[in-house]
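Here the structure is a predicted model, which is why all the values come from computation and not from measurement. Numbered from 1 within each chain, the chains take letters A, B, ... in sequence-line order. Below, each value reflects all heavy atoms present in this structure, side chains not excepted, and no hydrogens, waters or symmetry copies.
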There are 4 protein chains.
Amino acid sequence: MRWASIGGMARPPTSQSPKAQHPSTPGTGRIDKRAAILDAAFQVFARDGYANAAVDAIAAAAGVAKPTVYNHFTDKQTLFREALAADAERALGRNLAVVQRLSDGRGELRSRLEDLGARLIECYADDRSVAVRRLLCAEASTFPEIHSEIREQTGERVVAALADRFAHLVLDGTLRECDPAQAAEQFEALLAGPMEHRSRSGSRKVSAAARRAIAKAAADTFIRAYAR
Amino acid sequence: MRWASIGGMARPPTSQSPKAQHPSTPGTGRIDKRAAILDAAFQVFARDGYANAAVDAIAAAAGVAKPTVYNHFTDKQTLFREALAADAERALGRNLAVVQRLSDGRGELRSRLEDLGARLIECYADDRSVAVRRLLCAEASTFPEIHSEIREQTGERVVAALADRFAHLVLDGTLRECDPAQAAEQFEALLAGPMEHRSRSGSRKVSAAARRAIAKAAADTFIRAYAR
Amino acid sequence: MRWASIGGMARPPTSQSPKAQHPSTPGTGRIDKRAAILDAAFQVFARDGYANAAVDAIAAAAGVAKPTVYNHFTDKQTLFREALAADAERALGRNLAVVQRLSDGRGELRSRLEDLGARLIECYADDRSVAVRRLLCAEASTFPEIHSEIREQTGERVVAALADRFAHLVLDGTLRECDPAQAAEQFEALLAGPMEHRSRSGSRKVSAAARRAIAKAAADTFIRAYAR
Amino acid sequence: MRWASIGGMARPPTSQSPKAQHPSTPGTGRIDKRAAILDAAFQVFARDGYANAAVDAIAAAAGVAKPTVYNHFTDKQTLFREALAADAERALGRNLAVVQRLSDGRGELRSRLEDLGARLIECYADDRSVAVRRLLCAEASTFPEIHSEIREQTGERVVAALADRFAHLVLDGTLRECDPAQAAEQFEALLAGPMEHRSRSGSRKVSAAARRAIAKAAADTFIRAYAR
DNA sequence: GATGAATGAGTGTTCATTCAT
DNA sequence: AATGAATGAACACTCATTCAT
């Protein structure tokens, strides 16, 4: 999945009023703050973009003083990198779990692919996912390394996992002889491309029905092209 | 085409030394300057992103003084919008011309699709194209209207033109009964998705061979799925 | 004179209310501002030291906005350098004029030396002189070049001028055969050393009587050591 | 002595790895730390100046945590004062010892003065001495009291001791009738002035030969002016 | 119409200082 | 007594934007 791979689940509501909250478990304070900052950073970066995101705003959102941010992360850049990475990690797990289902599924190929597609689209449409793609794309020239890192940690691995599933399906005769990597890449494209198109790069919501239709169409085209 | 639609041709070498150049035709000076500013703006925005692009830098690149920029374009935002729009217009023509070839072509379906795919990928890989996609994506939340405007002027119309071609192919029996719009959307996705993947959102070059392979694979899958 | 060479005259009262003052001579505005900034910078640096001097404060003192300061001088460092240099130039003239008097004087050697000493001490005790020495000394390790530059432009040349006068006095038999450079260095030391001592590096005033006494003592010792 | 009076001896190598060193005598730990901090503070202040010296850096250099510094010294200011005072105390001893030699010496006046001068110049040229003078001068307006305190503890007393020696020399007829305090002040000036000049306020080294020459010249002038 | 100069608002970053442990 | 973590206050520097010419 180009970007679908970077899905995200709703993050736990961390940043509470800093004074009101006396950390339940002593010693967790540091970690709490670090997590709160990462989370706030992600939200602010997502909302304002890298350049427009004020560290002040991030600190405020995290319920922390500005220097505390710099205490945990040396730089605005570093904070950016780590915030994205943290989110990417969460997303990776979610995406891989979805792909795994393909092998576990017992049903007919078509329904299994439709289901897989629908779930990957869900990941792709997730707000945090959209935000990460935007940020990565926007800062691709400023932070080329981030882009590579995160993509390798997520997108690559998801497509690879997908390719692995397809390879099995080739072996057991469900799919025709083909390059599983290419098949995976195309399956992902058939999901993400139309979604990107319809959602206008994530700037408008796509109805559940439309999402389902995209998954159906992708599965249909894929089966026509690859099923034995 | 999601973004491939926004291809660009090399723009004419505009920004010359401001003092050295005395506009040949008197009265053209204003227009010259306006064009020079638009061009410089595009380059600087493309290089630095919206937020990081200094109006100073744009003015310098255009060989004008900063207030001159503000005389022609009220805002940095306006300048951004117009610079992108100017580029999009150029790109649209190029893309439509490419799509038109599909109907003119006389050869076999496969080779015509491969050719079309290769040319669209060329548009997609063009530096200015990449830059526009990046900028649109990056500022999608800041300027949602821009995104829609430009997409409608370019992407939409290109996919529509493609759908129109496919509709003809359905009528003449080359393609099976299907929704031409969906077919167009998917064909575009099969080209753009893998390109985006391989080029890491345009941050690394994709070899000509690889591009050709993507076009071939897209045509192959498309034919298997849609040819009668 | 070690530092006495860097005397200063009261600078003309430049920085007036910026709004109230419409530059009498049109076109002088830029220069006015530049001078006002230099002057304000000197005062603030002198009062607070380099590190503690806020550019904000300098701008305010000059009746200018902060960016205007950066418009005229790229850096805080540059501003510092130029402010000191500007002052040093003024001081040099004053010191050289004083030394020149030695040759013009017609009276007895002792009274001429006492007079010279007293005038050099006046230069040395000048507030701006004290400030420059402090700043140079304080930032000697941060801006080693400044130190050299200014010293060469001032201190060196004053001692050299003094040596030149003494050389003449050797030739006309007023002073015994000796190294005029060394004599100049020592004469300066006999003035500046006790002044530095008594004024506690310029942090307390030395009475006019005490200053006169120092000059007298220096002249006396010098004559005993060097007069024929 | 203006500043020559503030000489320094190499301070014992205090700051060891804080963890590795378990104070041999229990209970000495506090004192060890205090000394380590003072020493580190001196070094950092000397290197960076007062304003630029980070308490962080001092703590690190001393192998302690920042709050430990604040436990021992309430303020950055206090730390500064005490660090300078500690160094001054060491220097005083050294300088007085040098002056004492004048009376013990048995040789001819000239050689004794030359020797005294050379030794005082040695003190004056010492790195820590140079640093202290710089710091005192730099912060003279910020901490006027420090300046007085330290000068009284060192400079004053050294000049006084010198004056005392000279008084004896007047009594035993070696020197002519004169004000011994003034003689002392001038002798010191003849040493320190040229040194300051030649070393460009301590920012470049002065060769041993040049130092010797300065001492010789000072002794010569002094003898011409004050010997019977 | 074009410009040199000026500015108000804001940004990232640092530092002396203080709690809670 | 010593520390890790947190903070409020500043500060250098930049930028989009506007006058006066």
Problem set entry | Presence of D:Thr68 side-chain N/O under 4.0 Å of F:dT3 phosphate oxygens OP1/OP2 | yes
Seminar exercise, completed: Assert: residue with more 5' nearest nucleotide on DNA chain F, out of D:Pro67 and C:Lys76, is D:Pro67
Exercise. Phosphate oxygens OP1/OP2 of F:dA1: is one of them under 4.0 Å from a side-chain N or O of D:His72?
Worked result: no
For this session: Have a look at A:Ala57 and say if it touches a base, only the backbone sugar-phosphate, or nothing, with a 4.0 Å heavy-atom cut-off.
Result: nothing
Problem set entry | Greater than 12 external heavy atoms within 6.0 Å of A:Glu89's CD | no
Seminar exercise, completed: Sorted by position of nearest nucleotide on DNA chain E, 5' first, the leading residue of D:Tyr50 and A:Ala54 is A:Ala54
Exercise. Can you tell which of C:Val55, C:Ile58, C:Leu79, C:Asp56 makes a side-chain contact (heavy atoms from CB on, under 4.5 Å) with C:Val44?
Worked result: C:Ile58
Exercise. Regarding A:Lys76 and the six-membered ring of A:Tyr50, is the cationic atom NZ or CZ under 6.0 Å from the ring centre and inside 45° of its axis?
Worked result: yes
Exercise. Is a side-chain donor-acceptor pair under 3.5 Å present for A:Gln43 with A:Arg47?
Worked result: no
For this session: Select from C:Asn71 and D:Thr74 the residue whose nearest nucleotide in DNA chain E is closer to the 5' end of that strand.
Result: C:Asn71
Exercise. In whole angstroms, how far is the P atom of E:dC15 from the CG atom of D:Leu79?
Worked result: 16 Å
For this session: Using the closest heavy atom to pick a nucleotide of DNA chain F for each, name whichever of C:Gln77 or B:Tyr70 lands nearer the 5' end.
Result: C:Gln77
Problem set entry | C:Asp75 CG to F:dC11 P, straight-line distance once rounded to whole Å | 17 Å
Problem set entry | Donor-acceptor pair (no angle test) under 3.5 Å: A:Lys66 side chain, E:dT13 base | yes
Problem set entry | Salt bridge flag under 4.0 Å for residues D:Glu149 and D:Arg81 | no
For this session: Round to a whole Å and report the spacing from CG of A:Asn52 to P of E:dT11.
Result: 8 Å
Exercise. Rounding to a whole Å, what distance do you find between A:Phe45:CZ and E:dT11:P?
Worked result: 13 Å
Exercise. Just how far, in rounded Å, is P of E:dG12 from CZ of A:Phe73?
Worked result: 15 Å
Problem set entry | Which nucleotides of DNA chain F pair, in dot-bracket form (Watson-Crick or G-U under 3.5 Å, | meaning another strand) | .||||||||||||||||||||
Exercise. Does B:Glu82 come within less than 4.0 Å of B:Arg34, counting only side-chain N to carboxylate O?
Worked result: yes
Exercise. What is the distance, rounded to the nearest whole Å, between atom CZ of C:Phe80 and atom P of F:dC13?
Worked result: 14 Å
Exercise. Would you call the rings of C:Phe80 and C:Phe143 parallel, tilted or perpendicular if under 30° counts as parallel and over 60° as perpendicular?
Worked result: tilted
Problem set entry | d(CG, D:Asp32; C1', F:dA2) in whole Å | 15 Å
For this session: Quickly work out the A:Asp56 CG to F:dA10 P distance and round it to whole Å.
Result: 15 Å
